[in-house]
Amino acid sequence: MAIFEGAGVALVTPMHEDGSVNYEKLEEILEMQIEGGTDAIISCGTTGEASTLSEKEHMDCVRFTCEKVKGRIPVIAGTGSNSTATAMQLSREAAEAGADALLLVTPYYNKSTQGGLKAHFGSVAKDTDLPIILYNIPGRTGVKIEAETVIDMWKEFPNIVGVKDATGDLSETVKVLSMSDGGIDVYSGNDDIVVPLMSVGGKGVISVLSNIMPRETHDMVAACFSGDYEKAGKMQLKYYELIKARFVEVNPIPVKKAMNLMGLDVGPLRLPLTEMEDAHAAMLKKAMTDAGIKLA
């Protein structure tokens, strides 16, 4: 059984103006997501600025999220690292905190060989009982998990059950699903190709868009599950410009800006991420308005 089917949100981490984590706001946006129909919470992933959280902050956020969600929907903890030992430690602590599953990003900067990726992910898989979703995002990590490597790990490690596919290459998605006979749960990591990916057997999306449009993202995926691809396709196209605007600067700069424009007050980013440039902010604001989003 899949960890979840539907629209999972790659949740931002709200901050106070001094850069500390704003837990009161985190609770508020968690409730907003659950009320909006979101099917899973992804805590402390790339969108959650995990790379600039201390290990203590990272685990405190995961623990807080698990406590507040209270089993209503799955909580998937981002515990990837370019250090295998760190990924293992974070994964152990996430399990103790009550996470339902793990999201493990490909080791960044190291640029492991495919054999190195197998050893890295395999070490974490053998050290935990939690189900694991691999996060394949070569544009940010510098290395891609090849389809054959995904299949090898899926066959060898029973708790490696899924892939967040942010390669943007649908042919690779089809290859993974074909080679596993649909046995691997594949989630879109790109909001602009959710419907195409689901049409070939994807289980849903791990979405940045859901931070600002949880109900709409959920409904688009739900339309796919019900077989109404005409409705889903129209929604995918309707939000294309907004999705495009959210990546005019590196994630999560635009999505935090969008949430602040909506009055959600999720605060600033941590360096080396900086506030959105004015020209890009104007583009984002227009795309939000055109999509029918009310600004504060």
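Quick note: numbers below take in every heavy atom, side chains included, and nothing from hydrogens, waters or symmetry partners. Residues take their numbers from the sequence shown, with the count starting at 1.
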Donor-acceptor contact present, side-chain Asn190 to main-chain Ile193, <3.5 Å
no
Taking atom types as modelled, find out whether Asn136 and Thr167 have a side-chain donor-acceptor pair closer than 3.5 angstrom.
no
Would you please say whether a donor-acceptor pair under 3.5 Å links the side chains of Thr106 and Thr141?
no
In plain terms, say whether Glu216 and Lys238 are close enough for a salt bridge, that is, a side-chain N and a carboxylate O under 4.0 Å apart.
no
Sequence neighbours excluded and cut-off under 3.5 Å, please list the side-chain donor-acceptor pairs for residues 252-260, or say none.
{"unit_1": "Lys256", "atom_1": "NZ", "unit_2": "Thr13", "atom_2": "O", "d": "2.8"}
{"unit_1": "Lys256", "atom_1": "NZ", "unit_2": "Glu49", "atom_2": "OE2", "d": "2.7"}
{"unit_1": "Lys256", "atom_1": "NZ", "unit_2": "Pro268", "atom_2": "O", "d": "2.8"}
{"unit_1": "Asn260", "atom_1": "OD1", "unit_2": "Val266", "atom_2": "N", "d": "2.8"}
{"unit_1": "Asn260", "atom_1": "OD1", "unit_2": "Gly267", "atom_2": "N", "d": "3.3"}
{"unit_1": "Asn260", "atom_1": "ND2", "unit_2": "Lys256", "atom_2": "O", "d": "3.2"}
{"unit_1": "Asn260", "atom_1": "ND2", "unit_2": "Gly267", "atom_2": "O", "d": "3.2"}

Any salt bridge between Lys56 and Glu93, counting N to O under 4.0 Å?
no
Please report the closest heavy-atom contact between His120 and Ser81, naming both atoms and the distance.
CE1-O, 3.5 Å
Should we say atom OH of Tyr240 is surrounded by more than 12 heavy atoms from elsewhere, each under 6.0 Å from it?
no
Flag, side chain of His218 to backbone of Ala7, donor-acceptor distance under 3.5 Å
no
Does Lys164 count as lying over the ring of Tyr135, i.e. NZ or CZ under 6.0 Å from the six-ring centre, within 45 degrees of the axis?
yes
Ignoring hydrogens and geometry, is there a side-chain-to-backbone donor-acceptor pair from Arg72 to Val69 under 3.5 Å?
yes
Between Asp185 and Phe4, is there a side-chain heavy-atom distance shorter than 4.5 Å?
no
How long is the span from the CG atom in Asn211 to the CG atom in Leu264, to the nearest 0.5 Å?
9.5 Å
Salt bridge Lys68-Glu28, side-chain N to carboxylate O under 4.0 Å:
no
Give a yes or no on whether the backbone of Thr86 and the side-chain of Ser83 come within a donor-acceptor separation of less than 3.5 Å.
yes
Roughly how far, to the nearest 0.5 Å, is the OH atom of Tyr23 from the OG1 atom of Thr65?
8.5 Å
Reported CD1-to-CG distance for the pair Ile206 and Asp39, which is rounded to 0.5 angstrom:
11.5 Å
Flag, side chain of Thr217 to backbone of Met213, donor-acceptor distance under 3.5 Å
yes
Evaluate the side-chain proximity of Ile151 to Ser180: yes if any heavy-atom separation is below 4.5 Å, no if none is.
yes
Rounding to 0.5 Å, atoms CG (Leu104) and OG1 (Thr79) come to a distance of 4.5 Å
Take Ser112 and Asn110, measure what side-chain hydrogen bond (donor to acceptor under 3.5 Å, both in side chains) needs, and give me the verdict at the end.
CA-CA 6 Å; Ser112 306; Asn110 311 63; 5.7 Å; no
Show your working on side-chain contact (heavy atoms from CB on, under 4.5 Å) between Leu53 and Cys44 and close with a plain yes or no.
CA-CA 9 Å; Leu53 296 174; Cys44 295; 3.9 Å; yes
Between the main-chain N or O of Glu146 and the side-chain N or O of Gln114, is there a donor-acceptor pair closer than 3.5 Å?
yes
Phe157-Phe121 aromatic ring centre distance below 6.0 Å
no
Short question: side chain of Asp181, backbone of Gly183 - any donor-acceptor pair under 3.5 Å?
no
Quick check for you: to the nearest 0.5 Å, what is the distance between Met15 atom CE and Asn22 atom CG?
9.5 Å
Linking I/L/V/M/F/W/Y whenever any side-chain heavy atoms sit under 4.5 Å apart, do Leu103 and Ile145 land together?
no
Verify the neighbour count for atom CD of Glu148: are there more than 12 heavy atoms of other residues, nucleotides or ligands below 6.0 Å?
yes
Could you tell me whether Glu230 and Lys234 have a side-chain N and a carboxylate O separated by less than 4.0 Å?
yes
Short side-chain donor-acceptor distance under 3.5 Å, Ser20 and Asp18
yes
Measure the shortest side-chain to side-chain distance between Glu24 and Pro14 over non-hydrogen atoms and say whether it is less than 4.5 angstrom.
no
Leu295 CG to Leu261 CG distance, which is reported to the nearest 0.5 Å:
6.0 Å
Mark yes or no for whether Glu57, through its side chain, and Ser54, through its backbone, hold a donor-acceptor pair below 3.5 Å.
yes
Between Arg246 and Asp191 (salt bridge meaning N to carboxylate O under 4.0 Å), is one present in this structure?
yes
Below 4.0 angstrom, N of the basic side chain to O of the carboxylate: do Asp127 and Arg92 qualify?
yes
Would Lys144 and Glu172 pass as an ion pair if we require N to O under 4.0 Å?
yes
